[in-house]
Amino acid sequence: MTTAYKKPKKAEFSQVQKEENKKISSRRIGVEHLITFRVASNRFPLARHGYNPVIIGVCGLVSLDLNYSFILSHDI
């Protein structure tokens, strides 16, 4: 999972860190909206108590795919 930079105590972010945080945030929000709209628009044949684990699993898989793509595109 890719996480945003955390602000150091008594210091400011560099411009590069700000830009990376913005990219990570934009990608995360896009994925969250996609998942929310997909789940909300489809009929989901699962009891209410089963939604949370399924959504968490889907979020994890999408995040894993995004991180893998990010690593490949940056030659890390």
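The shown structure was predicted, so the numbers you read here are calculated from the model rather than taken from an experiment. The first residue of the sequence shown is numbered 1, and numbering continues consecutively from there.
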Item to complete: Report the distance from atom SG of Cys59 to atom CZ of Arg28, rounding to the nearest 0.5 Å.
Response: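 Rounded to the nearest 0.5 Å, the SG-CZ separation comes out at 11.0 Å.
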
Results of side chain to side chain contact (heavy atoms under 4.5 Å, CB included) for [X] - residues two or more places apart only:
X     : answer
Val62 : Val31, Ile35, Val58, Leu66
Leu34 : Arg38
Ile29 : Ser25, His33

Fill in: Test salt bridge (Lys or Arg N to Asp or Glu O under 4.0 Å) applied to Glu19 - qualifying residues, sequence neighbours left out
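Per chain and number, Glu19 pairs via salt bridge (Lys or Arg N to Asp or Glu O under 4.0 Å) with no residue.
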
Worksheet item: Residues two or more places apart in sequence or in another chain: which of them pass salt bridge (Lys or Arg N to Asp or Glu O under 4.0 Å) with Lys22?
Response: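 Once residues adjacent in sequence are excluded, Lys22 has no partner under the salt bridge (Lys or Arg N to Asp or Glu O under 4.0 Å) criterion.
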
Name the atoms and distances for all side-chain donor-acceptor pairs under 3.5 Å in residues 7-18, with sequence neighbours left out.
| from | atom 1 | to | atom 2 | distance (Å) |
| --- | --- | --- | --- | --- |
| Ser14 | OG | Gln17 | N | 3.2 |
| Gln17 | OE1 | Ser14 | N | 3.0 |

